[in-house]
Novice: 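Let me begin by handing over the structure; questions about it come next.
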Amino acid sequence: NKSFSEDIDFDILAKDLKIALELTKEIIVKIKGFNIKKPRTTNQVIRYDLYYINHLDHQDRIQLEFKPVKRKVGVSKRIVNFGYVPFSASLHNVYDIEELIKQTSNCILSRREGKDFFDLYHLLEISHKHILLPKKELISRLELDNKEIKQVANIINHYIPKDQRPLWEMFLTELKEKINHDKPKS
């Protein structure tokens, strides 16, 4: 699975940020083997920085983000193995692919970040049921001039290995085509 992320995102059932903060503290105290900093709250999200010593003997960080939600839609229980931390797989409520496509599309409509473009491109490759996407609006948001393309690339490219970086102008053209011709895959 190719997805762009610099953090691990969780939704937590809570009616407000204060209640969610208390719930996340109960979860965080159970995590062992990390130096965990105090939580920060921004934009209705609670973030914890978890520091550890990686296999190269350098300090590294994983960010856990919790977003309070009043109810969850489009989720199912799945076995998840994050693959980059030395822990075994576990059972989690995970958003269905259709819900992830909807959420990522909404992100693109509200901001222009390369990570959202990258995610939507790869999400549309995965088998999914029919989704009514706001195709015109999405394609319009992907109409970037050369300066904007360069800004997007400068922000995201340092997270992508050099040999895997897309040619952004071509990548955006392909993404627009994927959106325009999106049909359920089986």
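Since the model is a prediction, treat every value here as computed from it, not as a measurement.
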Novice: So, do His128 and Leu123 sit near enough that their side-chain heavy atoms are less than 4.5 Å apart?
Specialist: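 Heavy-atom side-chain distance check fails, nothing below 4.5 Å.
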
Novice: Can you list the residues that meet the salt bridge (charged side-chain N to carboxylate O under 4.0 Å, His left out) rule with Glu65, with sequence neighbours excluded?
Specialist: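 Salt bridge (charged side-chain N to carboxylate O under 4.0 Å, His left out) list for Glu65, sorted by chain: Arg47.
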
Novice: Of the non-hydrogen atoms in Leu120 and Ile101, which two are nearest, and what is the gap between them?
Specialist: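 Looking at all heavy atoms of both residues, the closest pair is CD1-CG2, 4.0 Å.
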
Novice: Let me confirm one number: the CZ-CD1 distance from Phe117 to Ile149, rounded to the nearest 0.5 Å.
Specialist: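 Result: 9.5 Å between the selected atoms.
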
Novice: Heavy-atom count check: over 12 atoms from other residues, nucleotides or ligands less than 6.0 Å from His158 NE2?
Specialist: yes

Novice: For residues 144-154, pull every pair meeting side-chain hydrogen bond (donor to acceptor under 3.5 Å, both in side chains), keeping only residues two or more places apart or in separate chains.
Specialist: Arg112-Glu148

Novice: Would you call Leu50 and Asn35 a side-chain contact if the rule is heavy atoms closer than 4.5 Å?
Specialist: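 Result no, sub-4.5 Å side-chain heavy-atom pair not found.
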
Novice: Could you state the interatomic distance from OH (Tyr51) to CD1 (Ile36), rounded to the nearest 0.5 Å?
Specialist: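 Between atom OH of Tyr51 and atom CD1 of Ile36 there are 11.5 Å.
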
Novice: Does atom CG (Asp163) have a neighbourhood of more than 12 heavy atoms from anything else shown, all under 6.0 Å?
Specialist: yes

Novice: How many angstroms lie between atom OH of Tyr121 and atom CD of Glu177, to the nearest 0.5 angstrom?
Specialist: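 Answer rounded to 0.5 Å: 9.5 Å.
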
Novice: Let me confirm one number: the CG-CG distance from Asp182 to Leu124, rounded to the nearest 0.5 Å.
Specialist: 5.0 Å

Novice: Any idea which heavy atoms bring Ile156 and Gly114 closest together, and the distance?
Specialist: CD1-C, 3.3 Å

Novice: Report the distance from atom CH2 of Trp168 to atom CG of Leu144, rounding to the nearest 0.5 Å.
Specialist: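 Answer for the CH2-CG pair, Trp168 versus Leu144, is 10.0 Å.
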
Novice: Enumerate the side-chain hydrogen bond (donor to acceptor under 3.5 Å, both in side chains) contacts for residues 132-141, please, sequence neighbours excluded, ordered by first and then second residue.
Specialist: none

Novice: Taking side chain as C-beta onward, heavy atoms only, is Ile53 less than 4.5 Å from Gln59?
Specialist: yes

Novice: Indicate the atoms forming the closest heavy-atom contact of Asp16 with Pro68, along with that distance.
Specialist: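 Looking at all heavy atoms of both residues, the closest pair is O-CB, 4.2 Å.
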
Novice: For residues 17-31, which side-chain donor-acceptor pairs fall under 3.5 Å, sequence neighbours excluded?
Specialist:
from: Thr24; atom 1: OG1; to: Ala20; atom 2: O; distance (Å): 3.4
from: Thr24; atom 1: OG1; to: Leu21; atom 2: O; distance (Å): 2.8
from: Thr24; atom 1: OG1; to: Tyr48; atom 2: OH; distance (Å): 2.7

Novice: Suppose we screen for side-chain contact (heavy atoms from CB on, under 4.5 Å). Which residues come up paired with Thr42, at least two apart in sequence or across chains?
Specialist: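 Thr42: no side-chain contact (heavy atoms from CB on, under 4.5 Å) contacts found.
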
Novice: Where do Arg165 and Ile160 come nearest, in terms of heavy atoms and distance?
Specialist: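 Answer, listing the atom of Arg165 first, then Ile160: NE-O, 2.9 Å.
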
Novice: Taking all non-hydrogen atoms of both residues, which atom of Gln63 and which atom of Arg40 are closest, and how far apart?
Specialist: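 Looks like NE2-NH2, 4.3 Å.
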
Novice: Could you work out, with side-chain contact (heavy atoms from CB on, under 4.5 Å) as the rule, every residue matching Arg71, not counting sequence neighbours?
Specialist: Val73

Novice: Could you tell me if the side chain of Val75 sits less than 4.5 Å from the side chain of Asp11, heavy atoms only?
Specialist: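 They are not in side-chain contact.
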
Novice: Look at atom CG of Leu13 and say whether more than 12 heavy atoms of other residues, nucleotides or ligands are closer to it than 6.0 Å.
Specialist: yes

Novice: Can you confirm whether Lys176 is buried at NZ, in the sense that more than 12 heavy atoms of other residues, nucleotides or ligands lie under 6.0 Å from that atom?
Specialist: yes

Novice: Mark yes when over 12 heavy atoms from residues, nucleotides or ligands other than Leu132 sit less than 6.0 Å from its CG; otherwise mark no.
Specialist: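 For Leu132, atom CG is not crowded (no more than 12 foreign heavy atoms under 6.0 Å).
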
Novice: Would you say Lys102 and Ile131 make side-chain contact, with heavy atoms under 4.5 Å?
Specialist: yes

Novice: Using the six-membered ring wherever Trp is involved, compare the ring planes of Phe171 and Phe118 and label them parallel, tilted or perpendicular (cut-offs 30° and 60°).
Specialist: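 Parallel: the ring planes of Phe171 and Phe118 meet at under 30°.
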
Novice: Nearest 0.5 angstrom please: Phe34 CZ to Asp60 CG, how far?
Specialist: 10.0 Å

Novice: Locate the shortest heavy-atom distance separating Ser76 from Asp96; write the atom from each residue and the value.
Specialist: OG-OD1, 3.0 Å

